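Some notes on the structure that comes next.
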Protein chains: 2
Amino acid sequence: MEDEAKPGPAREADAGAAAHLAVSAQVATDGRPPRRSDSTRAAILRAARERFASDGYERATIRAVARDAAIDPSMVMRYFGNKEGLFAAASEIDLRLPELTVVPADEAGTRLVRHFLERWEGDETLNALVRVGVTNPAGAERVHSVFRDQVAPVVASVCPDPQQVPVRAALVASQILGMAVSRYVLRLPPAAALTHEEIVNWLGPTVQRYLTAEGP
Amino acid sequence: MEDEAKPGPAREADAGAAAHLAVSAQVATDGRPPRRSDSTRAAILRAARERFASDGYERATIRAVARDAAIDPSMVMRYFGNKEGLFAAASEIDLRLPELTVVPADEAGTRLVRHFLERWEGDETLNALVRVGVTNPAGAERVHSVFRDQVAPVVASVCPDPQQVPVRAALVASQILGMAVSRYVLRLPPAAALTHEEIVNWLGPTVQRYLTAEGP
DNA sequence: CTGGCGTGTCAACGAGTGTTGGCCTACATT
DNA sequence: AATGTAGGCCAACACTCGTTGACACGCCAG
């Protein structure tokens, strides 16, 4: 699901020639020969994620995305229908959460925190998702579904009482999301200055308690 | 001490402190007959906070604010200079954090959580601040200053090691802000369904630990 | 060669935005 | 009564946005 390297440091007028050479290599799931459009499509998505992550939904303009991808704005429309469609495609994400059942029960918290930390810094998509989620109703809906389909099940796998799963998942989300917002979105200086180890050591026990401790 | 309300062009945003209680025109604090502008000014600010809180910075249009306040858009400009000035005035906030030094040391956490919870639901300003903080660079800067000038000092008053104040304040902020984002901004269903008591009981100990526990 | 099709550009439209300047009205002061 | 002024409205400007339709180039099949 990843983009490929784009050559252009200088954005010459030769966008066409660049696309020529950069015949995409990976279609993976499909027997068809790789279309030239695959690479532009990937470039658009990469630019879109970047813009959504740094600007939010409204300020991330299709024109800016197109400029970053070195193509015409109308191409974005043709590929993704409209801005909403572009966001839907750009915010598709798999958190790749670890199987908490196979790690020692008392390490689930630290494990989860560490995973999110690495994920957040390795993939712009997560940042884009949060920024747009706060900006835009459709983005919030997307966050809901990620929470429901990916976070809640993992919490359920280690939570003693199934009835408490939603509450505990919400608590875990509140802490992890809160650190992400403070550190990556608002960039509160002290939060941004923390090392991974510090964060894991402080937040790990909190998440662990939310996951498995009985009663409040 | 208070500057007289003279709405000129490009007027700087002045203190909106009076706006808290001064909903109507009869602010009997001085002998002058109440200007009509006092009430409109308050109406604009109220509408602005509402819009910023529910729509974020970019989607909250001056025209919409004006419509809510039942006046002409150009009035907003005359009173606050420009949109940025309007936000600056509308996001002026005093968290009114409690003196943690006068409460039992082990209740600081729950006390703080409860305070924020009530504050968040009793005043649209806080919501507006967070929504815009995530949307807009200037809003983020405003959050920084509130964190630095209001949250950090209170944390400092109960934190054993002065050197750890920024870190601990950031941790506290991450948890409280995370719950606020989950509950009021994203409205994750399980987070929105929690009662105040549940939240206090779960988050209280976390915040308490961030405030005073030694080591991670 | 020819014709379609995929890929891409160009120029424009309509809507909505922040912002500005001119004009009007009520009223307090002279 | 005359008038200055604060408070307010209206119409417009300049701009940006998402979006659209017409046109241009390069490729393959017939």
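Below, chain A is the first sequence line, B the second, and so on; all start at residue 1. As the structure is a prediction and not an experimental result, all values here were calculated from the model. Every heavy atom of this structure was used, including side-chain atoms; hydrogens, water molecules and symmetry mates were not.
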message: I need the CD1-C1' distance between B:Ile71 and D:dC10, as an integer number of Å.
response: 14 Å
query: Is there a donor-acceptor contact under 3.5 Å linking the side chains of B:Gln208 and B:Thr110?
result: no
Set of side chain to side chain donor-acceptor pair (under 3.5 Å) partners for A:Tyr57, sequence neighbours left out: none
NZ/NE/NH1/NH2 to OD/OE distance under 4.0 Å, B:Glu99 and B:Arg111: no
field: D:dG8 phosphate, OP1 or OP2, under 4.0 Å from B:Thr40 side-chain N/O
entry: yes
message: For B:Glu84, is the CD atom crowded, meaning more than 12 foreign heavy atoms sit under 6.0 Å from it?
response: no
- prompt: Is A:Phe80 close to A:Leu45 at the side-chain level, that is, under 4.5 Å between some pair of heavy atoms?
  reply: yes
query: Looking at A:Glu197 and A:Arg114, does any basic side-chain N land under 4.0 Å from a carboxylate oxygen?
result: yes
message: What is the distance, to the nearest angstrom, from the CE atom on B:Met75 to the P atom on D:dC10?
response: 12 Å
task: Starting at the 5' end of nucleotides 17-26 of chain C, put B wherever the base has a protein heavy atom under 4.0 Å, S where only the sugar-phosphate does, and a dash everywhere else.
output: BBBBBB----
- request: Check DNA chain C against residues 130-141 of chain B and give the residues with a non-hydrogen atom under 4.0 Å, in numerical order.
  value: none
query: Just wondering, are more than 12 heavy atoms of other shown residues or ligands nearer than 6.0 Å to CZ in B:Arg183?
result: yes
- request: Find the distance A:Arg41:CZ to C:dG6:P and express it as a whole number of Å.
  value: 15 Å
query: With distance as the sole test, does B:Arg131 use its side chain to make a donor-acceptor pair with the main-chain N or O of B:Ala53 at under 3.5 Å?
result: yes
